[in-house]
Peer 1: 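Take this structure first; my questions come after.
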Amino acid sequence: MYAYKINTTAYHEEDFLLITDLTGPEIEDVVRPIVDAEREQGLDYTNEEIVKELKKRYPKSRFKAYYSAQDFMELSF
């Protein structure tokens with residue numbers, strides 16, 4: 001399992017943490033078109049919709065998403 005901090009906007013409070021067995025490139029293959037559509041066509045999305053699309057594309061993979069900074073702790077060294 002891997003932990004990824006997903007950042008799709010300039011706003012830190014919109015980041016979320018994703019624990020999954022997917023690789024970074026697999027996640028980017030799903031997230032990039034969603035973010036590009038929002039930027040180019042003004043289509044809105046939520047972090048929950050991103051996770052839903054990941055589950056749809058990779059139904060056998062495991063996911064746990066934390067959407068609030070209160071749900072996870074960031075450590076810096």
Side-chain angles (χ1 to χ4, degrees):
M1 297 290 281
Y2 304 98
Y4 297 96
K5 183 177 179 184
I6 307 297
N7 173 287
T8 60
T9 71
Y11 303 101
H12 176 72
E13 62 272 9
E14 294 181 6
D15 295 353
F16 68 100
L17 184 68
L18 181 66
I19 310 296
T20 182
D21 54 359
L22 293 176
T23 65
E26 289 171 324
I27 295 168
E28 187 171 351
D29 285 347
V30 172
V31 175
R32 173 77 52 204
I34 294 170
V35 172
D36 288 347
E38 188 269 340
R39 291 178 180 162
E40 295 168 6
Q41 302 167 23
L43 301 176
D44 290 333
Y45 65 88
T46 65
N47 291 338
E48 291 86 356
E49 291 170 330
I50 289 174
V51 173
K52 184 177 178 181
E53 190 61 32
L54 284 164
K55 288 179 180 180
K56 183 177 167 184
R57 175 87 67 91
Y58 301 103
K60 295 184 180 188
S61 291
R62 297 179 300 179
F63 301 89
K64 179 66 180 169
Y66 298 93
Y67 302 106
S68 167
Q70 296 169 335
D71 293 337
F72 63 92
M73 181 180 5
E74 184 175 328
L75 301 175
S76 299
F77 298 96

Peer 1: Taking all atoms of both residues into account, what is the closest heavy-atom pair of Leu54 and Glu26, and its distance?
Peer 2: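 Leu54 and Glu26 have their closest heavy atoms at CD2-O, 4.5 Å.
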Peer 1: Using modelled atom types only, decide if a donor and an acceptor are shared between the side chain of Thr20 and the backbone of Phe63 within a distance under 3.5 Å.
Peer 2: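 Not at all, since once roles are kept as given, no pair shorter than 3.5 Å links the two residues.
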Peer 1: Side-chain contact, heavy-atom cut-off 4.5 Å: Leu18 with Tyr66?
Peer 2: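 No, side chains not in contact.
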Peer 1: Answer yes or no for Lys55 and Tyr58: cation-pi contact, defined as NZ/CZ to six-membered ring centre under 6.0 Å and angle to ring axis within 45°.
Peer 2: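 Because its charged atom misses either the 6.0 Å distance or the 45° angle limit, Lys55 does not stack over Tyr58.
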Peer 1: Is a donor on one side and an acceptor on the other found under 3.5 Å between the side chain of Gln41 and the backbone of Glu38?
Peer 2: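 Side chain of Gln41 to backbone of Glu38: no pair is present.
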Peer 1: Do Val51 and Tyr67 make a side-chain contact, defined as non-hydrogen atoms from C-beta onward lying under 4.5 Å apart?
Peer 2: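 Val51 vs Tyr67: side chains touch.
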Peer 1: Rounded to the nearest 0.5 Å, what separates atom CD1 in Ile27 from atom CZ in Arg32?
Peer 2: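 The CD1 atom of Ile27 sits 12.5 Å away from the CZ atom of Arg32.
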Peer 1: Rounded to the nearest 0.5 Å, what separates atom OG1 in Thr8 from atom CG in Asp15?
Peer 2: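 That separation rounds to 7.5 Å.
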Peer 1: When hydrophobic residues are tied together by side-chain contacts of less than 4.5 Å, even through go-betweens, does Tyr2 share a cluster with Val31?
Peer 2: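 Yes: a chain of side-chain contacts under 4.5 Å links Tyr2 to Val31.
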Peer 1: Between Asp21 and Met1, is there a donor-acceptor pair closer than 3.5 Å when you use the side chain of the first and the backbone of the second?
Peer 2: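 Not at all, since once roles are kept as given, no pair shorter than 3.5 Å links the two residues.
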Peer 1: Using 0.5 Å steps for rounding, measure from the CG atom of Asn47 to the CD1 atom of Ile34.
Peer 2: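 Between Asn47 CG and Ile34 CD1, I get 10.0 Å after rounding to 0.5 Å.
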Peer 1: With rounding to the nearest 0.5 angstrom, report the CD to NZ distance, Glu49 to Lys52.
Peer 2: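 One finds 7.5 Å between CD of Glu49 and NZ of Lys52.
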Peer 1: Just how far is it from atom CZ of Phe16 to atom OG1 of Thr46, taken to the nearest 0.5 Å?
Peer 2: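 Reported to 0.5 Å precision, the distance equals 9.0 Å.
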Peer 1: What's the spacing between Arg57 CZ and Asp29 CG if we round to 0.5 Å?
Peer 2: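 That separation rounds to 6.0 Å.
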Peer 1: Would you find a donor on one side and an acceptor on the other, under 3.5 Å apart, between the side chain of Tyr4 and the backbone of Leu22?
Peer 2: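 Pair found, side chain donor or acceptor close to backbone of Leu22.
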